[in-house]
2 protein chains.
Amino acid sequence: MSTAAKGRPKSEEKKEAMLSAAADLFLENGYDGVSMDLVADRAGVSKQTVYSHFGNKDALFASCVTCKMEEYGLGPALLDHDLPAREGLSRIGQHFNALLLSPEAVRMKRLMCAHAESNPKLSELFYQAGPAMMKEIFADYLDRQVARGQLQIEDTALAARHFLYMIQGDAHMMALLNISEAPSAEETDRYVESCVELFMTVYGTKG
Amino acid sequence: MSTAAKGRPKSEEKKEAMLSAAADLFLENGYDGVSMDLVADRAGVSKQTVYSHFGNKDALFASCVTCKMEEYGLGPALLDHDLPAREGLSRIGQHFNALLLSPEAVRMKRLMCAHAESNPKLSELFYQAGPAMMKEIFADYLDRQVARGQLQIEDTALAARHFLYMIQGDAHMMALLNISEAPSAEETDRYVESCVELFMTVYGTKG
DNA sequence: ATCACACTAGACTGTCCAGTCTAGTTATTC
DNA sequence: GAATAACTAGACTGGACAGTCTAGTGTGAT
């Protein structure tokens, strides 16, 4: 039963170097823009080693995505349930926005869109670990605020979508499309605040 | 001055066949997934003719995008300025949503995202002719409704963003990522209506 | 009729790249 | 120290494909 393990074991260190190099390259240059030779080179490893660990390019790509998704999973500690709703929403909105606009997240989304047709499993993975997860976490937050009497919402899942999708707005679209004169951080902040305002008008408790 | 035009002129018909074939192929298979041989074949034309009309693959791609963008430009006739605001918004929202979810629009956006880094000119073209145009048209619509006393809005450009980006929501994200169990048409309709409702709560004139 | 150019069919070049193979080296276990 | 398997360096195969070239055939303007 005990794992036999005769001979030299595969190096976990090298595996990580390969994953990290490959992820960087894929995010920067896209799937087609990266050759296995380049990955091997960048990871300081021979090509054969890449194949011995991952089998083929597709599998390497999939491993990179899975790995990145696990990294992202650790992020939802930024909810402060005890703040007044308006401040809490504002903080969440700003953080969420910053996450969406980070170069890595933007590149990841581009990559997932590009291969959604040819590789729907990966884009589904991305959707579940990203947008769907965020939606769920935020809906829970809203539930708590309703319980605290800070908000008045019938369907918190629906309200969560209203808020999260509204907040993405122009800034996200422009980042995704790499538009040159993107709105400044201040403009984006102000937009987020306007969304919070709007949300509170609709879902805030009166008085 | 008059265009000299000696010899046989280039066939406009063939040019259109090439553009149409290439656009279909690019939208279906992405830039890297299409070879010039395939385009020539599909257009019923020899490869040399493709090169003689477009010079190289990049230029062909650019022509396809420009062409598609011109097609899309003709769409904003669906605004009925005389309807009550609630019905008008509902209609616009539904149309806008249907447009965003059409397979062609989804593929175009994927393509533009994928090449936003390597070809920002094209994605900018897309942004201007697509989202930016829509935003402008819709803000104008809101201005009119404010003038008619149907809505009460300080900043119509801001309100337009609120509405249009909120409305995209999950359905658009899932279409882009090719998620298998997309929401049904009824669910999406209901979501759009909920956005209209929310918008009217904030920006509708009382009583 | 003739010039000029578009067009065709297909061969060809050069490059890139996924994936394999080889021969030798190094680390790990028993 | 012998067996085993990971690893390296680099050559190699085979296929795809952008772009060019050639030689010949339409086709429209003057």
Side-chain angles (χ1 to χ4, degrees), chain A residues 1-26 28-65 111 114-115 118-119 122, chain B residues 1-26 28-65 111 114-115 118-119 122:
Chain A
M1 280 300 101
S2 71
T3 38
K6 23 184 177 183
R8 183 179 177 180
K10 291 195 178 178
S11 158
E12 206 57 36
E13 197 182 348
K14 280 175 199 295
K15 184 163 197 168
E16 258 153 52
M18 287 185 268
L19 271 176
S20 154
D24 286 359
L25 287 167
F26 281 134
E28 186 134 359
N29 306 108
Y31 185 82
D32 293 305
V34 175
S35 74
M36 295 298 265
D37 285 285
L38 185 54
V39 171
D41 216 56
R42 203 64 155 250
V45 124
S46 86
K47 182 152 69 151
Q48 196 52 240
T49 301
V50 182
Y51 278 97
S52 120
H53 278 257
F54 299 100
N56 60 45
K57 193 180 179 182
D58 258 34
L60 172 62
F61 183 63
S63 294
C64 288
V65 174
L111 207 47
H115 295 85
S118 61
N119 211 332
L122 287 186
Chain B
M1 281 300 101
S2 71
T3 38
K6 22 183 178 181
R8 180 181 177 180
K10 291 195 180 180
S11 158
E12 206 57 37
E13 198 183 347
K14 280 175 199 294
K15 183 163 198 168
E16 257 152 53
M18 287 185 269
L19 271 175
S20 154
D24 286 358
L25 287 168
F26 282 134
E28 186 134 1
N29 305 108
Y31 185 82
D32 293 306
V34 175
S35 75
M36 296 298 263
D37 285 286
L38 186 55
V39 171
D41 215 58
R42 203 63 156 252
V45 124
S46 86
K47 182 153 67 153
Q48 197 53 239
T49 301
V50 183
Y51 277 97
S52 119
H53 276 79
F54 299 100
N56 59 45
K57 193 180 178 182
D58 257 33
L60 172 61
F61 184 62
S63 294
C64 288
V65 174
L111 207 47
H115 295 86
S118 60
N119 211 331
L122 287 186

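This structure is a prediction, so every number in the text was calculated from the model and none was measured. In what follows, every chain begins at residue 1, and chains take the letters A, B, ... in the order their sequences are listed.
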Enumerate the protein-to-nucleotides 15-17 of chain D contacts in which both atoms are nitrogen or oxygen and the separation is below 3.5 Å.
none

Relative orientation of the end axes in the helix from C:dA1-D:dT30 to C:dC30-D:dG1, expressed as an angle to the nearest 10° (five pairs per end): 20°

Listed once per pair and sorted, the salt bridge (Lys or Arg N to Asp or Glu O under 4.0 Å) pairs that draw on residues 11-24 of chain A, sequence neighbours left out: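 Counting only pairs at least two positions apart or across chains, no salt bridge (Lys or Arg N to Asp or Glu O under 4.0 Å) contact touches residues 11-24 of chain A.
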
For [X] and [N], what is the distance between atoms [atom1] and [atom2] respectively, to the nearest whole Å?
X	N	atom1	atom2	result
A:Tyr51	C:dC17	OH	P	12 Å
B:Gln48	D:dA18	CD	C1'	12 Å
A:Lys15	D:dA6	NZ	P	12 Å
A:Glu12	D:dA6	CD	C1'	13 Å
A:Asp41	D:dT8	CG	P	12 Å

Please tabulate, for the side chains in residues 39-46 of chain A, all donor-acceptor contacts under 3.5 angstrom to protein atoms that are two or more places apart in sequence or on a different chain.
unit_1: A:Ser46; atom_1: OG; unit_2: A:Thr49; atom_2: OG1; d: 3.3

I'd like to check the side-chain contact (heavy atoms from CB on, under 4.5 Å) partners of [X]; sequence neighbours left out, ordered by chain and number.
X	value
A:Asp32	B:Asp32
A:Ser52	A:Lys10
A:Tyr51	A:Met36, A:Lys47, A:Gln48

Distance (rounded to the nearest 0.5 Å) between B:Asp58 CG and B:Asn119 CG: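 Rounded to the nearest 0.5 Å, the CG-CG separation comes to 6.0 Å.
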
Inter-residue atom distance A:Met18.CE - A:Ser63.OG, 0.5 Å rounding: 10.5 Å

A:Cys64 to A:Ala22 - nearest heavy-atom pair and separation: SG-CB, 3.5 Å

Given C:dT20, D:dA18, C:dT8, the nucleotide with the shortest approach to the side chain of A:Lys47: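 Selected nucleotide (nearest to the side chain): C:dT20.
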
Residues that B:Phe61 engages under ring-ring contact (aromatic ring centres under 6.0 Å, His included), provided they are two or more places apart: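 B:Phe26, B:Tyr31, B:His115.
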
Expected rows: protein N/O vs nucleotides 2-6 of chain C N/O, under 3.5 Å:
unit_1: C:dA6; atom_1: N3; unit_2: B:Arg8; atom_2: NH1; d: 3.1

